[in-house]
Amino acid sequence: MPHVYTVDLAGMESVPPRWLTVLGYDEILRADGFFRSSDRLTFVAAHALKRLVLARAFPDRSAMALRFIADTFGKPFLAEGTALQFNLSHTIGLVALAVSFHASVGIDVETLGSAPVCRDAMRSVLNFAESAALECAVDWELAFLALWTAKEAVIKAEGKGLSLPLSEIEIHQDRALGPSRYWTLWRSRPTPRHVLALAWDGKDDTVEIHPLRGDDLTAWVPNGGNHGSRAKFAATESDFLET
């Protein structure tokens, strides 16, 4: 069972200092490189969420101490050597993390109205059937973003970067065909402003949702940056349990 954690950043203007205590040195350097405070906020929120959730798998490790490596396509993995799979996405006002044991996962989130959509250019990522269905959509932008996030989630689950044109990925209601296999697909509206899609390699179509706000994420950070006190990881094959 995949688990999806989201953090709604509505109303937040700056990074709570406690979030920085769980980041690695390289992440702090990257955060300091953002010119806009909103970009810095989403980046720090995303990586703090990633570390705080994944630290549940290692009771003897702090969130800050987790190490990550990347494969040749740039996909990150935990260096600790575990079957735990994860994927991260962020957009204006929202961050999202997908986590699963064994099953590959990919997640994407987008913000409605964040940029003008050029229909002619955007059709290049759709196949003929998807383009035809889009023409009948009542809300063109919402329908397009539902397809876009689904395709992005599949690409990220495949873990091969953008080596495959998005138009070659087939999106169905709850399934998607990628270059290597069929993927289970789940889509949602975590807030009225956002569209989310999750793709994973598994037959179980159940998704456990953990919606959070900025204050919730802050409450997960104890003094010293160790793993949080409001949630714990149950080291079983599929359970992330919140207490």
Side-chain angles (χ1 to χ4, degrees), residues 2 4-12 34 36-39 41-43 45-46 49 87-98 104-201 205-207 209-214:
V4 171
Y5 294 79
T6 61
V7 181
D8 186 352
L9 301 174
M12 299 190 67
F34 287 104
R36 296 191 303 181
S37 58
S38 59
D39 293 337
L41 174 65
T42 54
F43 176 86
L49 175 67
N87 194 238
L88 190 64
S89 182
H90 55 82
T91 185
I92 300 170
L94 186 79
V95 301
L97 174 74
S104 296
V105 289
I107 194 167
D108 189 58
V109 291
E110 301 291 343
T111 305
L112 286 165
S114 59
V117 178
C118 176
R119 296 193 180 198
D120 292 337
M122 291 301 99
R123 286 194 181 95
S124 65
V125 307
L126 307 178
N127 59 39
F128 178 80
E130 292 162 350
S131 296
L134 199 60
E135 291 297 334
C136 303
V138 175
D139 188 330
W140 196 93
E141 183 189 10
L142 178 59
F144 172 76
L145 283 181
L147 287 168
W148 174 270
T149 53
K151 287 172 180 272
E152 284 283 333
V154 171
I155 284 288
K156 295 174 74 175
E158 290 274 358
K160 299 295 178 61
L162 294 176
S163 58
L164 180 79
L166 292 179
S167 59
E168 296 185 18
I169 297 174
E170 297 180 13
I171 301 299
H172 305 284
Q173 184 64 30
D174 57 1
R175 299 278 279 172
L177 178 59
S180 68
R181 73 199 80 175
Y182 272 100
W183 296 88
T184 302
L185 190 63
W186 180 83
R187 290 176 275 188
S188 77
R189 296 286 303 279
T191 82
R193 312 178 309 280
H194 297 101
V195 179
L196 179 151
L198 171 73
W200 75 97
D201 180 18
D205 60 358
T206 303
V207 179
I209 313 301
H210 307 267
L212 307 169
R213 295 188 63 85

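This structure is a prediction, so every number in the text was calculated from the model and none was measured.
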Could you report the tightest heavy-atom contact between [X] and [Y], atom names first, then the distance?
X: Leu88; Y: Ala46; result: CD1-O, 3.5 Å
X: Gly178; Y: Val154; result: CA-CG1, 4.0 Å
X: Val7; Y: Gly214; result: CG1-N, 4.0 Å
X: Ala153; Y: Ala197; result: CB-O, 3.6 Å
X: Ala96; Y: Leu49; result: C-CD2, 4.5 Å
X: Gly113; Y: Glu141; result: N-OE2, 2.6 Å

Spacing of [atom1] belonging to [X] relative to [atom2] belonging to [Y], to within rounding of 0.5 Å:
X: Trp183; Y: Ile169; atom1: CH2; atom2: CD1; value: 10.5 Å
X: Ser188; Y: Leu196; atom1: OG; atom2: CG; value: 4.5 Å
X: Thr206; Y: Trp186; atom1: OG1; atom2: CH2; value: 11.5 Å
X: Ser38; Y: Phe43; atom1: OG; atom2: CZ; value: 14.0 Å
X: Asp39; Y: Leu41; atom1: CG; atom2: CG; value: 9.5 Å
X: Leu145; Y: Glu110; atom1: CG; atom2: CD; value: 6.5 Å

Got [X] and [Y] here, is their nearest side-chain heavy-atom distance under 4.5 Å?
X: Trp148; Y: Leu126; value: no
X: Leu142; Y: Val195; value: yes
X: Thr42; Y: His90; value: yes
X: Val207; Y: Trp200; value: yes
X: Leu97; Y: Val4; value: no
X: Arg189; Y: Leu112; value: yes
X: Thr6; Y: Leu212; value: no
X: Pro190; Y: Asp8; value: no

Under the side-chain contact (heavy atoms from CB on, under 4.5 Å) criterion, do Leu94 and His194 qualify, and how do the steps go?
CA-CA 8 Å; Leu94 186 79; His194 297 101; 3.6 Å; yes
Is a donor on one side and an acceptor on the other found under 3.5 Å between the side chain of Thr184 and the backbone of Asp201?
no
Would you find a donor on one side and an acceptor on the other, under 3.5 Å apart, between the side chain of Glu158 and the backbone of Ser180?
yes
Lys151/Glu130 ion pair, N-O < 4.0 Å:
yes
Hey, is Arg187 close enough to Asp108 for a salt bridge, meaning N to O under 4.0 Å?
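Here Arg187 does not pair with Asp108 in a salt bridge, since their nearest N and O are not under 4.0 Å apart.
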Would Lys156 and Asn87 satisfy side-chain contact (heavy atoms from CB on, under 4.5 Å), going step by step from the backbone distance to the final call?
CA-CA 8 Å; Lys156 295 174 74 175; Asn87 194 238; 2.9 Å; yes
What class does the angle between the rings of His210 and Tyr5 fall in, given that below 30° is parallel, 30 to 60° is tilted and above 60° is perpendicular?
parallel
As a quick check of understanding, evaluate side-chain contact (heavy atoms from CB on, under 4.5 Å) for Leu166 and Ile155, giving each step before the final call.
CA-CA 8 Å; Leu166 292 179; Ile155 284 288; 3.5 Å; yes
When you check the side-chain N and O atoms of Glu135 and Trp140, is any donor under 3.5 Å from an acceptor?
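Not at all, the side chains of Glu135 and Trp140 share no donor-acceptor pair under 3.5 Å.
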